[in-house]
Protein chains: 2
Amino acid sequence: MSWLDGDTTAGPGDPSSGRRPPTRARLIRAFMTLVQQRGYAAVGTAEILAAAAAPRGSLYHHFPDGKSGLAVAAVEELTDDITGALQQAAVSKRSLGALLKQMASARAAWLKQTGWSEGPLLGVLTNETVPHEPDIAAALALASEAVTGAFTNLFIARGFPPDVARRHAQLARATLDGAMTLSRAARSSESLVEAGAFLARHLATPDSIGDTP
Amino acid sequence: MSWLDGDTTAGPGDPSSGRRPPTRARLIRAFMTLVQQRGYAAVGTAEILAAAAAPRGSLYHHFPDGKSGLAVAAVEELTDDITGALQQAAVSKRSLGALLKQMASARAAWLKQTGWSEGPLLGVLTNETVPHEPDIAAALALASEAVTGAFTNLFIARGFPPDVARRHAQLARATLDGAMTLSRAARSSESLVEAGAFLARHLATPDSIGDTP
DNA sequence: CTATTATTGGACCAATCAGTCCAGAGGGAA
DNA sequence: TTCCCTCTGGACTGATTGGTCCAATAATAG
């Protein structure tokens, strides 16, 4: 449940004792970290290569499409991380309110710990690439649907009817991601904490819906 | 109430009949539009200059700090637009629910109209510049506080106690901004429409709070 | 008018960008 | 060994980056 704990950089790639992850995985991790800090366009390939301790040839060997191909792979891997964590959450015994609060506080802790230097990867990629990078935009659309679907399944597993579950999923995602950016701008957890409390209060119980007119 | 209607590019600068706005204003508007489309780092000064039909010398005359100075000015101007619109909304006679719904649907209409090619300016700037552009980050922190304050005043004007008003302000901002990015990724208004409906339902009446333990 | 300041127009620069290319290291399989 | 293929290492390139500099041109003041 690494993503629920707010850690995007752990992941697999470290199967045995102290072996270094393969180059491809190191490139993806370096890309994620740097883009979370400063966005897609501001991060150069040279910097990614340095952070991953990989030569230039390896980047274009593993990702023939270059930087944008690396972005697509990173989006896909992050999607797997997130949906995996949400699946685990769905089958866990924790209450919905506790889960939503934990999602918010985990992100708040991560932001604070990194000195507000890292932000939401899918969000920044969306706002930087949707109009003019069709490959990345397509990957983001798929990722968005997958994550919303995983959130929806979580709400369904907690007893909501599918249509309500999906709307609550959209809400939870929007509020958490938005609060993350606001917290970053203000360098304060206030927004994220309030978001978690609010979601736990209003989305946690099926009978609090009140929108069947 | 241009910002409530989702139009960020209108603004002043056109006082008399058909006079062209002065260079400084044109630079800011060009910057806003381009950054909303593709982010801060991906937009070059040459492109901004071309869009504003201004020579290079003018940029560094009006903004001695260059691109980052232009960003700070754009953030300040957008902040004024937003807080002005919210002040008007606060003194208007419209219901809170109607206002929140309108904010969401105005953004949805704007996104759709531009082919999902423009996004939230403050959000993308936050996630691109906070760790390594101190001037812009400072402007964003001020802007964030000002906008949250304006939202808070709106809730206070509708009868909420100050502390609840501020928390609802954080919530409304986070949810609307987050939903905007999600809508952009999915190229669908679904998320924004749901966000507006949800906020109108849960933040509109003072007695729906239920959080005084 | 002249003097002064504000603004424009654009040539120019060093640094950096993403991407290309290829020689060769490494490691199984035969 | 030899063959084959994956992967690495890094030199190189043309385009573009943000920024500097200054002469030419309004615009305003006296």
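These numbers come from the heavy atoms of this one structure, side chains and all, not from hydrogens, waters or symmetry mates. Everything numeric here is computed off the predicted structure, so don't read it as measured data. Every chain is numbered from 1 and lettered A, B, ... according to where its sequence line falls, protein lines coming before strand lines.
- One atom, NE2 of H132(B), and another, C1' of dG18(D), lie 13 Å apart when rounded to the nearest Å.
- Between the CD1 atom of I48(A) and the P atom of dA18(C) there is a distance of 7 Å, given to the nearest Å.
- Of the two residues contacting DNA chain D, namely A54(A) and K67(B), the nearest-nucleotide position lying further toward the 5' end is that of A54(A).
- To the nearest angstrom, P of dG19(D) lies 10 Å from CG of L70(B).
- The separation between L34(A) atom CG and dA18(C) atom C1' is 16 Å, rounded to whole Å.
- Between the side chains of T181(A) and T126(B), no donor-acceptor pair of N or O atoms lies under 3.5 Å.
- Taking the side-chain hydrogen bond (donor to acceptor under 3.5 Å, both in side chains) definition, one finds that R24(B) meets it with nothing, sequence neighbours left out.
- Considering only side-chain N and O atoms, T23(A) lies under 4.0 angstrom from the phosphate OP1 or OP2 of dT8(D).
- In summary, the side chains of T148(B) and R166(B) do not present any donor paired with an acceptor at a separation below 3.5 Å, with no hydrogens or angles considered.
- Interatomic distance, L121(B) CG to D81(B) CG, rounded to the nearest 0.5 Å: 10.5 Å.
- Listed here is the closest heavy atom pair of F198(A) and H202(B): CZ-CB, 3.9 Å.
- Relative to the ring axis of Y40(A), K67(A) places its NZ or CZ within 45° and under 6.0 Å from the centre.
- The CG atom of L49(A) sits 18 Å away from the P atom of dC12(D) (whole-angstrom rounding).
- Within residues 56-66 of chain B, the residues having any heavy atom under 4.0 Å from DNA chain C are, by residue number, R56(B), G57(B), S58(B), H61(B), H62(B).
- Residue L27(B) contributes atom CG, which lies 14 Å from atom P of dG19(D) at whole-angstrom precision.
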